[in-house]
Structures are given as structure tokens and as C-alpha cells.
Amino acid sequence: MFSTKVRIFDGCILFLNSLLLLIKLDLLLELIPWLSFFNNMGWLYLALLAFFLRESSELQLSLDREILNPAQVFMISFLGLIFMGTLLLMLPKATHEGISVIDALFTATSAVCVTGLIVVDTGTYFTNFGQTLILILIQLGGLGIMTFASYFSYFFRGKSSYENQIMLRDLTNSEKIGEVFSVLKKIVFLTLIIEVIGAFIIFLSLKPGIVKGFTNQLFFSIFHSISAFCNAGFSTLENSLYEPEFKFNYPLQIIIVFLFILGGIGFPILFNLYKYFKYFFKNQYAKLEHPSNRIYTPWVISLNTRIVLLTTTLLLLLGTALFYFFEFNNTLKEHSWFGKLIVSFFGAATPRTAGFNTVDMGALNFSTLMIIFILMWIGASPGSTGGGIKTSTFALTTLNFLSLARGKDRVEVFRREISDLSIRRAFAIVALSLVVIGTSIFLIATFDSEKTLLSIAFECFSAYSTVGLSIGITSKLSMASKVVIIITMFIGRVSMLTILIAFLRRVKYLNYKYPKEEILMN
């Protein structure tokens with residue numbers, strides 16, 4: 001028996017398909033002219049997608065942990081989505097003049113890995129259908145195809161195997177198996193709520209006449225809201241937000257920057273903050289009702305949340321100050337004092353995997369580019385839509401440096417001790433990231449020797465950290481270099497450590513210990 005929510009979903013699909021059929025047959029357009037919006041925007045494809053989602057969710061996905069571990073499933077889901085996206089982008093209706101296989105693969109990988117590097121202009125090269133495909137790839141890639149597939153499969157079927165729940169617990173970082181689908185539901189709904197609110201505010205911030213037509217304004221708002229929250233950096237504008245009509249639109253820049261900060265801070269952090277504020281307001285209400293009673297305040301904000309929030313705040317403040325200082329008489333010269341602050345804040349936040357730009361990247365000072373290198377490499381926070389080595393990794397390595405310098409034998413912060421496994425994992429991620437980025441720089445410098453080392457390094461850091469910023473060489477790269485960037489984007493999205501875990505057999509038991517010895521370091 002189907003549940004009420006499934007029947008409601010089926011009813012909505014039936015109504016939407018019936019409405020679109022009447023529109024296609026021009027039976028309603030004379031009575032309600034504004035319904036042409038659905039016809040022009042290709043919402044028929046959206047209805048077909050919803051129908052496909054409904055039918056595919058009925059299929060039972062059985063995953064054997066003895067054959068596939070969570071890391072392998074994670075990789076395969078991204079590879080499958082990239083391959084499907086490449087084929088779809090090569091459809092005749094996706095582009096105006098056709099697209100090569102390598103450029104379609106590059107665009108699909110950039111969208112799925114929420115990078116934002118492009119070899120062709122998104123707004124002019126792709127049709128509305130093609131741009132919609134890119135938007136879907138960004139959404140699925142930003143949250144993970146397994147998140148959507150697993151949630152909707154549970155939504156329609158109402159059950160899942162124990163093996164699948166164990167695997168999804170690893171993918172979603174859930175503490176308990178029973179919380180897996182609750183976490184998936186929260187992720188999906190929180191994403192949709194933030195993106196809808198973001199699209200609405202973006203729509204209101206558009207100045208009259210800049211984006212012509214209600215349909216185009218709505219699509220522009222939806223596209224940039226999803227792209228911003230997923231930290232994708234894709235834009236339908238040729239020069240992103242540096243276009244003359246948008247680079248002085250500070251309200252638009254503010255909402256965009258807060259969208260990719262929310263997307264990059266991580267879902268575990270957002271859920272933890274929600275839990276904290278729920279406790280906070282409950283306690284305030286309890287104090288008003290019973291002022292004499294003592295209110296117990298538990299350790300609600302986790303250590304991970306504290307580290308991520310502190311690191312993120314420091315990076316944003318320091319990045320804003322340095323961007324403002326180095327670019328005051330350069331790229332910020334044309335802005336007012338308020339505009340300088342907004343653009344500096346935007347410039348400090350966007351390298352942390354967002355990919356939008358409000359200044360000419362090629363005109364930045366060398367010192368500013370060095371700051372951007374560091375911010376790109378650090379990236380967003382764990383469990384988010386962003387990339388990079390992550391803020392927590394950077395924080396743990398820094399804390400370990402300070403701990404060693406003070407002669408301590410352990411890392412402590414906020415009256416908590418960091419586990420040795422977390423420290424080892426952080427240093428592994430840092431080392432592997434430098435290996436991948438260094439290899440990419442070496443290969444592209446070999447294939448495109450005429451390019452400057454600065455531009456190549458910027459491209460590789462941007463690709464690995466899934467940022468999407470470029471100083472203008474992406475479309476000019478040779479085919480071999482494009483393949484290198486494609487691989488770098490994929491590795492940056494799934495992480496090199498995940499790839500190693502996927503292919504190396506994991507030791508299950510260590511019931512022995514060897515004698516310990518110190519190794520000479522300096």
C-alpha cells in the first residue's frame with residue numbers, strides 16, 4: 001500500500017504532466033498567457049525527470065559491503081553521474097552549435113564536482129535545456145547522487161536493507177544507523193529551503209531591465225542560488241558577477257556570498273547550530289517561567305563545530321582585511337568605501353571553493369593571488385558542498401604545530417583532546433593534496449609549456465579545491481591538459497584519501513603491537 005505522501009507526489013506529477021500537455025497543445029495559452037513560462041523554460045523535461053525519479057526509486061538497490069565499500073560506492077556514483085552528464089550535454093538540444101566530447105566531459109565533471117571551471121561560456125554556448133542539465137548536475141553533485149537516490153528510494157519504498165543503512169551511515173557520517181534517513185531528509189529539505197529563499201532574494205535584488213523577462217529573471221535567480229549554495233561557481237553571465245551591470249549590485253553579492261558560506265560550512269555544523277539554538281531558546285523560556293530554578297546547559301556545540309566556526313571566522317576576517325589592503329588602489333579603486341568592504345568580503349569568501357568573482361582576476365596583485373592560493377587550498381568545511389583540504393584539517397595541523405612547539409605529547413583544544421587518528425588523517429590529507437596538485441602542475445607545464453607557472457599553479461589549485469576561479473587559461477589548454485584538470489577536479493571532489501581507501505584492502509584487526517622507536521627528524 002502506498003503512503004499518503006507518495007500518493008500526493010504521484011498526484012502532483014499527474015497534474016503537472018496534464019498541465020504541460022494542455023500548454024503544448026495551446027489549449028490554455030489563450031486563456032492564461034503567462035503559462036507560456038512553462039513552455040519556454042522546458043518544464044516538460046522537469047516533469048519527465050520527476051517521472052523518471054518516481055519509477056527509478058521503486059528499484060531496490062542492494063549493496064554488498066564485502067564487494068563494495070562506502071568509498072567505492074561514493075566514487076562510482078560520481079563517475080556514473082559524470083558519464084551520464086557528458087552524454088546529455090552532447091545532445092543536439094543542449095547546445096546551439098554542438099560540443100566536443102572532451103569539452104562535454106570537462107563541463108560535466110566541473111558541474112558534478114561543483115568546481116566551476118569552464119571551457120565554453122555557459123550562458124551563450126548552452127541552450128536553456130543545456131543550462132538546466134548543468135543545474136541538475138550541480139545539485140546532484142553538490143549533495144551527492146547517493147544522498148538523493150537513497151532518500152527518494154526510502155521515500156517511495158518506505159524501507160531499506162540493513163546493509164544499505166550501514167553503508168549510508170558511513171556516507172552521511174551519522175552516529176547511529178537509525179538516524180541515517182532522518183539525516184538524509186534533513187539534508188534534502190534544508191538544501192531546498194535555503195535555495196528557494198536564496199532564489200527569492202536574488203530575484204528581488206535584480207535591477208529592472210538588466211535581465212529581461214520574468215522567465216529569464218526567475219531562471220537566473222534559481223540558477224545562481226543553487227550554484228552558490230552548492231559552491232559550484234557556474235554563472236550564466238560571461239564574466240560571472242564582474243559584468244558591468246552586476247559588479248556594483250552589492251545586495252546581490254551579499255546574498256550570493258552568504259549562500260556559499262552556508263553551503264560551505266557543512267550540514268553537520270548547521271544541524272548542530274540548530275540544536276544549540278533550540279536548547280538556548282528553551283532555556284530562555286524556562287528562565288522566564290521559573291526564574292529561581294537553575295537551568296542545566298549541556299555540551300551542545302560539538303568540538304567539530306567550535307573548530308570549524310572559529311577557523312572559518314578567522315579566515316574570513318583575515319582574508320577580507322588582506323584583500324582590502326592589497327587591492328585598495330587596484331581592483332577596488334572604482335568602488336565606494338561600502339563597496340570596497342563588500343567586494344573584499346566577497347573576495348575573501350569566494351576562494352574557499354565558491355568560484356564567483358566580482359573583480360577582474362587577471363588584474364589582481366601578486367600578493368593577493370598568494371592569499372587566494374592559501375584560501376583555495378584550505379577550502380570549505382567537512383560535510384559541506386565545498387572542496388579543499390577543509391578547515392578542520394587546517395586547524396588540526398596548526399594545533400599540532402603549536403602543540404609540538406610547546407613540548408606537549410598530545411593536542412588539546414576547548415578542554416578536549418584530539419584523537420591520534422584525526423591528527424594522522426589530517427596530515428595524510430595535507431600531504432596527498434600537495435602530491436596531487438604538484439603532479440598536476442608538472443603535467444600541465446609539460447603539455448602547455450608556453451603558459452606561465454603562476455597561471456598553471458592557479459588553475460591546478462582551483463581544480464583540486466573545486467573552486468572554479470581562473471586567471472584566463474582554462475579554455476586555452478590543450479586536450480591533454482584538460483584531461484589533467486578533469487582528473488584533478490574529480491580527485492579534489494572525492495579526495496585522494498578516499499580513493500586510496502577504495503582500492504587498498506582495509507585491515508580489520510590489529511591484535512598485536514610492535515616495539516616503538518623514535519625517528520630522527522631534524
Side-chain angles (χ1 to χ4, degrees), residues 74-75 77-79 81-83 85-86 89 102-122 125-126 131 133-145 223-224 226-237 240-241 256 259-260 263-264 349-357 361 372-373 375-380 384-390 433 436-437 440-441 444 455-475 477 481-496 498-499:
F74 186 70
M75 286 179 54
S77 67
F78 275 92
L79 288 172
L81 187 59
I82 290 171
F83 177 72
T86 302
L89 290 177
I102 187 66
D103 287 347
L105 177 62
F106 192 103
T107 305
T109 306
S110 184
V112 172
C113 297
V114 290
T115 304
L117 290 174
I118 56 173
V119 287
V120 293
D121 179 49
T122 307
Y125 201 89
F126 292 96
Q131 293 173 24
L133 287 177
I134 292 174
L135 194 61
I136 294 173
L137 293 176
I138 290 172
Q139 185 73 90
L140 295 178
L143 299 186
I145 182 64
F223 190 97
H224 285 80
I226 294 177
S227 181
F229 182 75
C230 291
N231 280 238
F234 274 85
S235 176
T236 55
L237 304 172
S240 191
L241 299 180
I256 291 289
L259 279 171
F260 57 66
T350 193
R352 301 184 55 243
T353 82
F356 292 94
N357 64 284
M361 297 300 299
I372 291 176
F373 267 108
L375 293 175
M376 287 195 299
W377 180 59
I378 297 173
S384 70
T385 59
I389 64 170
K390 302 298 191 294
S433 71
V436 174
I437 294 172
S440 301
I441 293 173
I444 295 179
S455 63
I456 293 174
F458 195 94
E459 203 79 8
C460 292
F461 270 87
S462 180
Y464 179 82
S465 299
T466 68
V467 178
L469 294 176
S470 175
I471 50 180
I473 69 168
T474 312
S475 59
L477 293 173
S481 294
K482 288 179 181 178
V483 173
V484 173
I485 293 295
I486 289 171
I487 296 173
T488 305
M489 287 190 294
F490 177 77
I491 294 176
R493 182 66 179 95
V494 302
S495 90
M496 191 64 196
T498 301
I499 295 175

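Source: prediction; values computed, not measured.
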(message) Between Thr474 and Glu459, do the side chains contain a donor N or O and an acceptor N or O under 3.5 Å apart?
(response)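 Distance-only check passes for Glu459 and Thr474.
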Any idea which heavy atoms bring [X] and [Y] closest together, and the distance?
| X | Y | result |
| --- | --- | --- |
| Gly233 | Ser227 | N-OG, 3.4 Å |
| Ala349 | Ala354 | O-CB, 4.5 Å |
| Tyr464 | Val436 | CD1-CG1, 3.7 Å |
| Gly141 | Val114 | C-CG1, 4.2 Å |
| Gly386 | Thr466 | C-OG1, 4.1 Å |
| Leu241 | Leu237 | CD2-CD1, 4.2 Å |

For the atom pair [atom1] ([X]) and [atom2] ([Y]), what is the distance rounded to the nearest 0.5 Å?
| X | Y | atom1 | atom2 | result |
| --- | --- | --- | --- | --- |
| Phe234 | Ile118 | CZ | CD1 | 7.0 Å |
| Gln139 | Cys230 | CD | SG | 4.5 Å |
| Phe490 | Leu79 | CZ | CG | 3.5 Å |
| Ile256 | Ser235 | CD1 | OG | 8.0 Å |
| Cys113 | Leu137 | SG | CG | 10.5 Å |
| Leu81 | Leu140 | CG | CG | 5.5 Å |

Using modelled atom types and a 3.5 Å cut-off, is there a donor and acceptor pairing between side-chain atoms of [X] and backbone atoms of [Y]?
| X | Y | result |
| --- | --- | --- |
| Arg493 | Phe78 | no |
| Thr107 | Asp103 | yes |
| Thr115 | Val467 | no |
| Ser462 | Leu469 | yes |
| Asn357 | Gly355 | no |
| Ser465 | Met376 | yes |

(request) Could you walk me through whether Thr236 and His224 pass the side chain to side chain contact (heavy atoms under 4.5 Å, CB included) test, one step at a time? (result) CA-CA 8 Å; Thr236 55; His224 285 80; 3.3 Å; yes
(message) Which label fits Phe356 and Phe260: parallel for a plane angle under 30°, tilted from 30 to 60°, or perpendicular past 60°?
(response)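 Answer is parallel, since the angle falls under 30°.
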(message) I need the single residue from Ile471, Ile441, Ile473 that forms a side chain to side chain contact (heavy atoms under 4.5 Å, CB included) with Phe458. Which is it?
(response)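 So the option named by the test is Ile471.
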(message) Run Ile486 and Ile102 through side chain to side chain contact (heavy atoms under 4.5 Å, CB included) and show every step you take.
(response) CA-CA 9 Å; Ile486 289 171; Ile102 187 66; 4.0 Å; yes
(request) Could you walk me through whether Leu89 and Phe126 pass side chain to side chain contact (heavy atoms under 4.5 Å, CB included), step by step? (result) CA-CA 9 Å; Leu89 290 177; Phe126 292 96; 4.0 Å; yes
(request) Determine, step by step, whether Phe106 and Leu117 satisfy the side chain to side chain contact (heavy atoms under 4.5 Å, CB included) criterion, reporting the C-alpha distance in whole Å, the side-chain angles of both residues, the deciding distance to 0.1 Å, and the verdict. (result) CA-CA 8 Å; Phe106 192 103; Leu117 290 174; 4.0 Å; yes
